[in-house]
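Scroll down for the structure; my scribbles are underneath it.
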Amino acid sequence: MTKKEIPKAYHPQEVEDAVYKKWEESGKFNPDNLELPENAERFSISMPPPNATGVLHLGHASFLTHQDLMIRYNRMKQKNTLWLPGTDHASIATQTKVEKIIAKEGKTKYDLGRKKFLERVNEYVENSQNTIKNQTRRMGSSCNWSRERYTLDSGLSRAVKEVFAKMYNDELIYRGDRIVNWCPRCESTLADDEVEHKDQKAKLYYFKYDKNFPITIATTRPETKLGDTAVAVNPKDERYQKYIGKVYEINLGNGKHKIKIISDREVEMNFGTGALGVTPAHSMTDWEMAEKNDLEKIKIIGEDGKMNNNAGKDYEGLTVLEAREKIVEYFEKNNLIEKVEEVDQSLSICYRCDTPIEPLPSKQWFVAVDKKITIKGNKYFQNKSLKEVALGVVKNKEIKIIPERFEKTYFNWMENLHDWCISRQLWFGHQIPAWFKTKVGSEMEAVHFSEDVLLKKLGLKDRAEFDNFSNNILFNEDSDISWAGEDPVELYQKYIIILKDKGLIDNSWIEENRIERQTIKSECFVGENPPEKIGWIQDPDTLDTWFSSGLWTFSTLLNQDHEKYKTFEDWVENSPDLKKFHPTSVMETGYDILFFWVARMILMTTYTLGEVPFENVYLHGMVRDKQGKKMSKSLGNGIDPIEMIEKYGTDALRLSIIIGSSPGNDIKMYEEKIEGYRNFVNKLWNVSRYITMNQESRNKNQEIDYDNLTLADKWILENLNNLIKEATDDLDNYRFSQAGEKIKEFTWNDFADWYLEISKIEKDKDEILIYILKRLLILAHPFVPFVTEEIWKNIGTENLLITEKWSSCRDGDLSRLSRGKDAINRRLYDTNAINQDARDAMNLDRDAMNRVSTENDFEIIQDIVKSIRNARAEYKIEPSQKIEAVIYAGNKKEFIKSQAHLIKNLRTGIDKLEIKEKGEKIKDAVYVVVNDIEIYLIGIIDKEKERKNLEKEIADLEKYTTGIRAKLSNDDFIANAPITIVEKERKKFMEGEEKAEKLEEKLKSLLN
RNA sequence: GGGCGCUUAGCUCAGUUGGCUAGAGCAUCUCGUUUACACCGAGAGGGUCGGGGGUUCGAAUCCCUCAGCGCCCACCA
């Protein structure tokens, strides 16, 4: 490219797509195409799969940036690097979206039926899946697309079924009762996060069950008392001590039942009477108390939100609110109410329809987390429970969590983990691979009407004829009503329709024979396919999304052609990717899903493979707005990453995510910040523009002439060397922000503001400039991949930067720069007697000493230049006005002289410069002291101002040296502080004193 | 109620195992088009490191305590 073709400003919009395409076409995202050393180390990350139908938001942008940074860095370090992308089916979110769409057509999912509905969902997923993938590309994500997976693809689904069956056979999965959040209107369970809370006033009734009952209890839901089986009090509550353990028989008009007095720490002594009526079937906490105390659980409210027959004849069929009125009436009539209070209450309501939630017991699938098991060939599970193993691998640091404090959170959560409910009443997802034998007889039992009745209604002779009927109509695969996979309740509804169509039943019959979902009794088979083709019905529920994503790190690495393998073990054994890339190196994700996902992966993977899923967990913070608020659509404070990319470029967005953020801490995002980093990207662009524009096209690869380096050359090369070392160290230790900041600082401050300016004065620096630029591009590439790759091309390199060796940062003979350092060290440290121990201690601190030595050289020149500029500004010298300067440099005379060209030309506006060892104080000049070097700027006369300046500086110095003097005269300090610190202080003190002396002399001469 | 975190310049944040006169960017003010860049350069002002106590030769950093803010979990009979 010739000079004129490089635009003045970097335009990411014109570069990014093409660069990404080039990367993708190069195949380098795929580790199989990397040219790696024989024993290349593994580095792999499983991308947390975004929702297949999602749209890129800043949360995605954040994890994509963090992971891409690590991936690019490690790829450049010549590791066998895999970043495996994928998408998640996100059952709830996706299903809800499609439900909304069909609602616009005036339909519900029931109108379509499961099969058709799922077709709609899959269609929707297919159509919207590309959005998120293309947006992922725009972030510059260098993930291996050919290995991309989807949580519902056939391989992953097989893995889910296999693991489910394996756990079932190991008795780690069981079916049991549990209270669920039930919305009577939607006729569906709700996950905890789908339950919303509304604060409201409620009446708190104080009453006794009957006259003989000794304890008054308080409740806001009197109707549930029909299902009470205990009264709980706090074990410390003295009022009730004597009753604990006793059993009373009561009658609320719905028959007699027993009430046991139990104690539980959960009971608040100060609320109500301190005694709580326990309704196991209709309250979460009460359920747990009932489990602990082995109480009977009486279900008195049905799925329709109405009282059932357990509530007694008087109440059956009433809505909850009607029943409440009625029972309060009953209490009043019998004089059992003591008082009624107004209290604040937070009511649980359905997020979709605001209907109050009815907690109900229901049959669900669970993973047993406390059951100890032994698995052959699994080093973790030797008489250990899932929970114990999951705790263990973090405790013994097989898995490291960054930042470490989240380990505590993890332990706390894991220790309190209850059995994990994995079934969800949704259609979209992995249908639970459990099959129930549903001979028609049992089905009839299930639907609450007897065989006789049904046969009669259908006009059938006997059981055999019914079987025939069912098989023909319902089990026939060609019929519209498919059998397998149907929800039993729906199936029942289909029976009803057939019966109704035949005129066998009417609406009142249907009303009388409503079924209860939970009463289905059947034989169970767990596995991929039922033993026979007909007569088995698959559990209609689907698995919790976290069950499948819990397998993510390894299920994505299993061979895709899973059909080839008969057994799971065989499949695992023959999947080379799994061997190569698992356990993954880092799991990078937001701390908000530490529990949901990270913990689940640990449970599932240690169990299935006997391996941890990842070695490190890096948790990034949430992205918030400038005020620290969560970004959300409803608040309208969201920043659209795509919009930002279009405006400022991906690189700028990436930097604004990385720099200024630390693991586990939230970051605030706002446009000005992105703008700032856009400026940096542009700076980098212009640095390269300047270098390439001035590059003589001859001899591109000429070596740096190390024997003829100027002071500034040495300084910049040493700083670069330090930068490489520190940035590498930072990146290895997950200090991304710091690495990025250092690279930015070096580029902008050292390289652009100083060294490029120097190169305009000293000239002929093509080799060094291009050398530094290349190293800088390598260093910056993981942070800002697009601009660096583009510049890399512009400076005429043939290979892609993406696979450039990170180690080549260290090429070149920088050790030759260290010549002369020993002399400097001697100057610094030999002035005082130092014993051998101290010398040894100092040797350990070589890095620090090396830094000191560079400071001592070039930074003096920088300080001189800065002070001259400063003085010019202070005394308001017109920029065009040239001035004359005299420097008394003492024993540094030759050294300063050698750098006179810099002192004169780095925007100091000096046309005449005289450098002497020493001399008389010059009266009509501004006086500046840098270390022990005196500078006079002649011709600037403002005595009053100079006097003030000198006085202020002397006063400041005085304060400064007094502090150090106090330190040095403290014997304890001398005795206890490390020798290097003491030496530093001593040096600081001496320099300070010397300077003060000089300033005072000048002040004196000024006043004379 | 239990747990975790934060509080450093007007704003956003750095500040590794305690050791430079506590730093940067943005904003503010002053000056400026010089062989890349005004998405720029030079310079300046601005902080009792939330308060109090302790440990230490030495504390923004470690411990205790108080205050304010935020998050997570549980509960709301």
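Naming convention: chains lettered A, B, ... in sequence-line order (proteins, then strands); numbering from 1 in each chain.
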Margin query: Classify Lys967(A) by what it touches in the nucleic acid, base, sugar-phosphate, or nothing, heavy-atom distance under 4.0 Å.
Written below: nothing
Margin query: If I pick the C1' atom on A38(B) and the same atom on G32(B), what distance separates them, to the nearest angstrom?
Written below: 11 Å
Checklist line | Distance between P atoms of G19(B) and A44(B) (Å, rounded) | finding: 27 Å
Checklist line | Lys408(A) side chain near C4(B) phosphate (N/O to OP1/OP2, under 4.0 Å) | finding: yes
Check: Given side chains that start at C-beta, do those of Val687(A) and Tyr755(A) come closer than 4.5 Å, heavy atoms only?
Finding: no
Check: Under a 4.0 Å N-O cut-off, is there an ion pair linking Lys742(A) with Glu745(A)?
Finding: no
Check: Between C11(B) and U16(B), how far is it from one P atom to the other, in whole Å?
Finding: 23 Å
Margin query: Base of C37(B), side chain of Lys683(A) - is there a donor-acceptor contact under 3.5 Å?
Written below: yes
Check: Quick check: does any side chain N or O of His282(A) sit under 3.5 Å from a backbone N or O of Ile301(A), one acting as donor and the other as acceptor?
Finding: yes
What does the list of N/O pairs under 3.5 Å between the protein and nucleotides 8-10 of chain B look like, with a distance for each?
none

Next item on the list: Might you work through the side chain to side chain contact (heavy atoms under 4.5 Å, CB included) test for Leu906(A) and Trp754(A), ending with a clear yes or no?
Entry: CA-CA 9 Å; Leu906(A) 283 169; Trp754(A) 282 97; 3.8 Å; yes
Notebook entry, point to check: What class does the angle between the rings of Tyr618(A) and Phe736(A) fall in, given that below 30° is parallel, 30 to 60° is tilted and above 60° is perpendicular?
Noted result: tilted
Check: What nucleic acid atoms does Val267(A) come within less than 4.0 Å of, heavy atoms only: base, sugar-phosphate, or nothing?
Finding: base
Checklist line | Option passing side-chain contact (heavy atoms from CB on, under 4.5 Å) with Ile691(A) (candidates Asn794(A), Leu756(A), Asn686(A)) | finding: Leu756(A)
Item checked: Test: Lys988(A) and Glu991(A) ion pair at under 4.0 Å -> no
Item checked: Residues which pass side-chain hydrogen bond (donor to acceptor under 3.5 Å, both in side chains) with Thr285(A), listed by chain and number, not counting sequence neighbours -> Ser283(A)
Next item on the list: May I ask you to say what Thr219(A) touches in the nucleic acid, namely base, sugar-phosphate or nothing, with a heavy-atom cut-off under 4.0 Å?
Entry: sugar-phosphate
Next item on the list: Could you tell me whether Trp754(A) contacts a base, only the sugar-phosphate backbone, or nothing, with contacts defined as non-hydrogen atoms closer than 4.0 Å?
Entry: nothing
Next item on the list: Please work out if Asp753(A) contacts a base, only the sugar-phosphate, or nothing of the nucleic acid, heavy-atom cut-off 4.0 Å.
Entry: sugar-phosphate
Next item on the list: Any chance you could lay out the side chain to side chain contact (heavy atoms under 4.5 Å, CB included) test for Ile981(A) and Phe973(A), step after step, and finish with the verdict?
Entry: CA-CA 10 Å; Ile981(A) 300 292; Phe973(A) 174 70; 4.0 Å; yes
Check: Between Asp651(A) (CG) and C39(B) (C1'), how many Å, whole number?
Finding: 14 Å
Note to self: Within the 4.0 Å heavy-atom criterion, would you say Tyr670(A) contacts the bases, only the backbone, or no part of the nucleic acid?
What the structure shows: sugar-phosphate
Notebook entry, point to check: Hey, is the side chain of Arg869(A) poking within less than 4.0 Å of OP1 or OP2 on G43(B), counting only N and O atoms?
Noted result: yes
Note to self: Parallel, tilted or perpendicular, judged at 30° and 60°: which one describes the rings of Tyr209(A) and Phe213(A)?
What the structure shows: perpendicular
Margin query: Among G41(B), A77(B), G19(B), which nucleotide has an atom closest to any side-chain atom of Pro978(A)?
Written below: G19(B)
Next item on the list: Check whether any side-chain N or O of Asn679(A) sits under 4.0 Å from OP1 or OP2 of C39(B), and answer yes or no.
Entry: no
Check: So Phe406(A) and Tyr591(A), would you call those rings parallel, tilted or perpendicular, with 30° and 60° as cut-offs?
Finding: parallel
Notebook entry, point to check: Has the side chain of Glu757(A) got a donor or acceptor that lies under 3.5 Å from a partner of the other kind on the base of A36(B)?
Noted result: yes
Notebook entry, point to check: If you look at every strand shown and take non-hydrogen atoms under 4.0 Å, does Arg735(A) touch a base, only sugar-phosphate, or nothing?
Noted result: base
Next item on the list: Could you check whether Arg405(A) gets within reach of a base, just the sugar-phosphate, or nothing at all, counting any heavy atom under 4.0 Å?
Entry: sugar-phosphate
Check: Base, sugar-phosphate alone, or nothing: which one does Gln738(A) contact when heavy atoms must sit under 4.0 Å apart?
Finding: base
Notebook entry, point to check: Does any N or O donor sit under 3.5 Å from an N or O acceptor when you compare the side chain of Arg689(A) with the base of C37(B)?
Noted result: no
Item checked: Euclidean distance for C1', C49(B) against U61(B) (whole angstrom) -> 10 Å
Next item on the list: Run the salt-bridge test on Asp956(A) and Lys952(A) with the 4.0 Å N-O cut-off and return the result as yes or no.
Entry: yes
Note to self: I need the CG-C1' distance between Leu906(A) and G41(B), as an integer number of Å.
What the structure shows: 13 Å
Check: Between C57(B), A77(B), U35(B), which one does the side chain of Lys763(A) approach most closely?
Finding: U35(B)
Item checked: For Arg239(A), all residues meeting side-chain hydrogen bond (donor to acceptor under 3.5 Å, both in side chains), sequence neighbours excluded -> Asp237(A)
Notebook entry, point to check: Hey, is the side chain of Asn870(A) poking within less than 4.0 Å of OP1 or OP2 on A42(B), counting only N and O atoms?
Noted result: no
Check: Within the structure shown, what part of the strands sits under 4.0 Å from Thr285(A) by heavy-atom distance: base, sugar-phosphate, or nothing?
Finding: sugar-phosphate
Notebook entry, point to check: Does a side-chain N or O from Lys866(A) land closer than 4.0 Å to OP1 or OP2 of G43(B), or not?
Noted result: no
Notebook entry, point to check: Thinking salt bridges, do Lys297(A) and Asp286(A) make one under a 4.0 Å N-O criterion?
Noted result: no
Next item on the list: Using a 4.0 Å heavy-atom cut-off across all strands, classify Ala232(A) as base, sugar-phosphate, or nothing.
Entry: nothing
Notebook entry, point to check: Is Ala218(A) touching bases, backbone alone, or none of the nucleic acid, heavy atoms closer than 4.0 Å?
Noted result: sugar-phosphate
Notebook entry, point to check: Phosphate oxygens OP1/OP2 of A14(B): is one of them under 4.0 Å from a side-chain N or O of Ser662(A)?
Noted result: yes
Next item on the list: Establish, with yes or no, whether the OP1 or OP2 oxygen of C4(B) is under 4.0 angstrom from a side-chain nitrogen or oxygen of Trp413(A).
Entry: no
Next item on the list: Please work out if Gly676(A) contacts a base, only the sugar-phosphate, or nothing of the nucleic acid, heavy-atom cut-off 4.0 Å.
Entry: nothing
Item checked: Glu993(A) side chain near Arg965(A) side chain, heavy-atom distance below 4.5 Å -> yes
Next item on the list: Indicate, with a heavy-atom threshold strictly under 4.0 Å, whether Lys8(A) touches base, sugar-phosphate, or nothing.
Entry: sugar-phosphate
Next item on the list: Could you tell me whether Arg221(A) and Glu358(A) have a side-chain N and a carboxylate O separated by less than 4.0 Å?
Entry: yes
Notebook entry, point to check: Can you tell me which stems RNA chain B forms when a stem means 3 or more consecutive Watson-Crick or G-U pairs under 3.5 Å?
Noted result: B:1-7 with B:67-73, B:10-13 with B:23-26, B:28-32 with B:40-44, B:50-54 with B:62-66
Any protein N or O atoms within reach of nucleotides 30-32 of chain B? Criterion: under 3.5 Å, listing atom names and distances.
none

Next item on the list: Ignoring the backbone of Asn682(A), work out which of U35(B), C57(B), C39(B) is nearest its side chain.
Entry: C39(B)
Next item on the list: Residues of residues 957-964 of chain A with any non-hydrogen atom less than 4.0 angstrom from an atom of RNA chain B: list those, numerically ordered, please.
Entry: Tyr960(A)
Item checked: Asp729(A) backbone acceptor or donor facing Asn733(A) side chain under 3.5 Å -> yes
Next item on the list: To the nearest 0.5 Å, tell me how far Tyr960(A) OH sits from Lys995(A) NZ.
Entry: 9.5 Å
Next item on the list: Find the distance Ile981(A):CD1 to U17(B):P and express it as a whole number of Å.
Entry: 16 Å
Item checked: Proximity to the side chain of Ala873(A) - top-ranked nucleotide from G43(B), U35(B), G19(B) -> G43(B)
Note to self: When the P atoms of A60(B) and A9(B) are compared, how many Å lie between them, rounded to an integer?
What the structure shows: 15 Å
